[in-house]
Chemist: 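Got a structure for you, written out below as C-alpha cells; questions coming shortly.
Keep in mind that the numbers below use all heavy atoms, side chains included, and drop hydrogens, waters and symmetry copies. Along the sequence shown, the residues carry numbers beginning at 1.
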Amino acid sequence: MQSRVVQMVEENKDPLVVPRTNGITRALPQRLLHLLMLFLFLCFTFSVASIYMIKYFGFHSIVPTIRPSLLPCIEEESKNLESWINPPSNLLHTMSDKELLWRASMVPRVKKYPFKRVPKIAFMFLTKGPLPLAPIWERFFKGHQGFYSIYIHSVPSFEADFPASSVFYKRQIPSQVTEWGKMSMCDAERRLLANALLDISNEWFVLLSESCIPLYNFNVIYKYISQSKHSFVGAFDDPGPYGRGRYDENMLPEVNISQWRKGSQWFEMSRKLALFIVEDTKFYPKFAEFCRPACYVDEHYFPTMLTIQASNLLANRSITWVDWSRGGAHPATFGKSDITEEFMKRMLAGPNCTYNDRNTSMCYLFARKFAPSALEPLFLLAPKYLGF
C-alpha cells in the first residue's frame, strides 16, 4: 500500500509543478510586449506633437537660441572700422619691444583717410617716476581733449597715483630701466614713439621730461607745430672732440664721418620720422655696439640716422629751452628762488631762429630743467607770462 502511494506521488509530482511554470513564462512576454507597445506609442505621439509645434510656432519657441557672449565683440571688430582706428583703451600690454616695434611700423598704403581724422600731438614724458609739475600741465591741457595724447615712460617699479580726473590717469606704458648716455635711453624713446604710433590720429610727437614746462598755451603750441614744414630735431656737425671726436670707424659703411651728427635729446617730430625710428634695423646695431660712453648715443643716434634718411624734413634745432651758462655735463636746474618775473622774461626772450624759412623770435615752446620747488611760483606766474 505504501509503495503504491509513493508511486502515485512521484507520478503526480511533475504534472503539478510544470503547468504553473509554463503559465508564468507565457504571462511575462505578454506584459513586456504591452509595455513596449505603450512606449512606442508615446514616442510616436511626442514626435508628432514636436513636428506640429515646430511647424506652427517655430523652433525657437521650443529651444531658445543662446549666443556666445564673445560673439558680438568678434563681429564688432571684424565689421566696424572704429575698432581699427580707435586708440588702445588700455596702454598696458604684454608685447615685447620687438613685437611692439613691428606692430607700430604698420602703415596704410592708401594715404587718404576714409574718416574724419583730427591730428593730435603726442606728449611723451620720459621720467624717473613722479611728475612734480603735473598741476601746470593739467592747466595747460584743460579744454583741449581730442587734440592731444599723453604717454609716460617711468622706472618699472613706479606706481602712479593720479586721480581718475587727471589727464595723466592710466597713461603709463610698459617700461624698462634706462641709463643716461646708454642705448637703453634710446630704447625708451623708441618705446614711447611705438606706443604713440598705435593711435593713428597722433601726427606729431614731442619728447619731454618730468622737469619740463610749456612756454605758451595749448592753442599757440598746437598751431606752431602743426603748421611747421619741418620737424624740430637738433642735428649739427660738430668738428670738435665732443662731436666727430666720438665717431668710430666701425660705423662704416652705414655711417661715414661726414654724416655724423649731434643734437639735443629732446625733440619734436612728425609721424613720418617717428616711423623711420621704430622700423630701423640698419643703424641701430651699429650705434648699440660702437657708440658707448664717452660716446653718448642719445645725442647721436636719431640726429645722424634722420639726417641720412630725411635731412630735408629737419629744422636742425630743438624747441626745448635749456640753460648751459652754469657749465658742466648737464644744464642748470631752477628752483623756487630762481623763478622771478625777470627770469620769465629772459627765458621767453631768446634768440632769433628760422621757422618755415622765415626769421622769428619765437624759437622755444618748452623749457627745462625745473625742480619740484619751482611749481608754486611757476603756477602763479603762468597766467601772466605763459598764457594759461
Side-chain angles (χ1 to χ4, degrees), residues 67-110 113-127 129-131 134-135 137-176 187-208 210 218 222 225-226 269-272 274-275 277-279:
R67 302 182 69 184
S69 59
L70 291 179
L71 188 58
C73 296
I74 296 173
E75 291 179 351
E76 189 83 11
E77 290 181 357
S78 61
K79 294 181 179 179
N80 196 338
L81 179 63
E82 290 184 0
S83 63
W84 294 93
I85 63 177
N86 285 343
S89 58
N90 189 348
L91 296 184
L92 297 179
H93 54 74
T94 59
M95 287 186 285
S96 65
D97 279 357
K98 185 177 181 180
E99 293 168 337
L100 174 64
L101 295 173
W102 176 82
R103 174 65 182 85
S105 66
M106 295 181 179
V107 295
R109 299 295 297 272
V110 178
Y113 294 96
F115 58 93
K116 184 178 180 181
R117 177 179 182 263
V118 178
K120 298 189 294 186
I121 299 176
F123 292 85
M124 308 180 303
F125 290 85
L126 181 57
T127 76
L131 292 173
W137 286 102
E138 295 273 6
R139 184 194 282 178
F140 169 79
F141 287 120
K142 187 176 181 179
H144 301 285
Q145 290 80 1
F147 292 91
Y148 67 87
S149 301
I150 295 173
Y151 303 86
I152 303 172
H153 186 293
S154 60
V155 293
S157 59
F158 174 70
E159 295 183 6
D161 58 351
F162 296 107
S165 59
S166 172
V167 296
F168 297 105
Y169 181 66
K170 290 187 176 182
R171 302 311 298 173
Q172 284 181 276
I173 66 169
S175 307
Q176 296 184 26
D187 290 335
E189 294 169 14
R190 297 179 86 202
R191 207 171 290 127
L192 280 164
L193 286 169
N195 278 278
L197 282 167
L198 297 182
D199 184 346
I200 200 168
S201 293
N202 286 333
E203 185 63 28
W204 306 284
F205 305 80
V206 179
L207 183 66
L208 303 159
E210 69 270 31
F218 186 90
Y222 185 91
I225 290 176
S226 63
M269 66 177 61
S270 67
R271 190 175 185 89
K272 183 175 182 178
L275 284 166
I277 288 176
V278 300
E279 69 185 16

Chemist: So do the side chains of Y151 and L198 get within less than 4.5 Å of each other, counting heavy atoms only?
Modeler: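 Sidechains of L198 and Y151: no contact.
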Chemist: Give me the atom names and distance for the closest heavy-atom approach of A194 to A104.
Modeler: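 Looking at all heavy atoms of both residues, the closest pair is O-CB, 3.5 Å.
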Chemist: Look up atom NZ in K170 and atom OG in S89, then write down how far apart they are to the nearest 0.5 Å.
Modeler: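 Those atoms lie 9.5 Å apart.
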Chemist: What do you reckon, are the aromatic ring centroids of F125 and W137 less than 6.0 Å apart?
Modeler: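 Yes.
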Chemist: Kindly give the heavy-atom pair with the smallest separation between A134 and F162, and that separation in Å.
Modeler: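 Closest approach of A134 to F162, heavy atoms only: CB-CE2, 4.3 Å.
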Chemist: Would you mind reporting whether K142 and F218 have side-chain heavy atoms less than 4.5 Å apart?
Modeler: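 Counting from C-beta outward, F218 and K142 never come under 4.5 Å.
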Chemist: Looking at P119 and E203, what are the two nearest heavy atoms and their distance?
Modeler: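 Minimum heavy-atom separation between P119 and E203: CB-CB, 3.8 Å.
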Chemist: Donor-acceptor check, side chain of S105 to backbone of W102, threshold 3.5 angstrom: yes or no?
Modeler: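 The answer is yes, because a donor-acceptor pair under 3.5 Å joins these two groups.
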Chemist: Which value, rounded to the nearest 0.5 Å, describes the distance between L92 atom CG and R171 atom CZ?
Modeler: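 Going from the CG atom of L92 to the CZ atom of R171 covers 10.0 Å.
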Chemist: With a 4.5 Å heavy-atom cut-off, do P174 and H93 have their side chains touching?
Modeler: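 Yes, at least one pair of side-chain atoms sits under 4.5 Å.
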Chemist: Heavy atoms only: give me the nearest N202-R117 pair and the separation to one decimal.
Modeler: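 Between these two residues, the closest heavy atoms are O-NH2, 3.7 Å.
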Chemist: Report yes if some heavy atom in the side chain of L91 is under 4.5 Å from a heavy atom in the side chain of N195; otherwise report no.
Modeler: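 Of all side-chain heavy-atom pairs linking N195 with L91, none is under 4.5 Å.
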Chemist: Between NE2 of H153 and CG of L193, what distance do you get to the nearest 0.5 Å?
Modeler: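 Spacing of NE2 (H153) from CG (L193) equals 11.0 Å.
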Chemist: Looking only at side-chain N and O atoms, does S149 offer a donor or acceptor that is under 3.5 Å from a partner on K120?
Modeler: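 Yes, side-chain donor-acceptor contact under 3.5 Å.
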Chemist: Mind listing the closest non-hydrogen atom pair of E210 and T127 along with its distance?
Modeler: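 Minimum heavy-atom contact is OE1-CA, 3.3 Å.
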Chemist: May I ask you to test the Q176-D187 pair for a side-chain heavy-atom distance under 4.5 Å?
Modeler: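 Result no, sub-4.5 Å side-chain heavy-atom pair not found.
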Chemist: Quick one: does F140's side chain get under 4.5 Å of Y148's, heavy atoms only?
Modeler: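 Sidechains of Y148 and F140: no contact.
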Chemist: Whether the side chain of R190 engages the backbone of I277 through a donor-acceptor N/O pair (distance < 3.5 Å, no angle test) should be reported.
Modeler: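 Yes; at least one donor-acceptor contact below 3.5 Å.
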Chemist: If you count heavy atoms of other groups shown closer than 6.0 angstrom to CD of Q145, is the number above 12?
Modeler: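 Above 12, so yes.
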Chemist: Heavy atoms, side chains only, cut-off 4.5 Å: are I200 and R271 in contact?
Modeler: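 Yes, at least one pair of side-chain atoms sits under 4.5 Å.
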Chemist: Nearest 0.5 angstrom please: R103 CZ to L197 CG, how far?
Modeler: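 The CZ atom of R103 sits 10.0 Å away from the CG atom of L197.
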Chemist: Using modelled atom types and a 3.5 Å cut-off, is there a donor and acceptor pairing between side-chain atoms of R191 and backbone atoms of S175?
Modeler: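 Between the backbone of S175 and the side chain of R191 there is no qualifying donor-acceptor contact (under 3.5 Å).
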Chemist: Please identify which of these residues, Y222, F147, F205, meets the side chain to side chain contact (heavy atoms under 4.5 Å, CB included) condition with I121.
Modeler: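 Single side chain to side chain contact (heavy atoms under 4.5 Å, CB included) partner of I121 among Y222, F147, F205: Y222.
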Chemist: Which value, rounded to the nearest 0.5 Å, describes the distance between I152 atom CD1 and L126 atom CG?
Modeler: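 It comes to 11.5 Å.
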Chemist: State the CG-CD1 distance between L131 and I150, to the nearest 0.5 angstrom.
Modeler: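 Rounded to the nearest 0.5 Å, the CG-CD1 separation comes to 9.0 Å.
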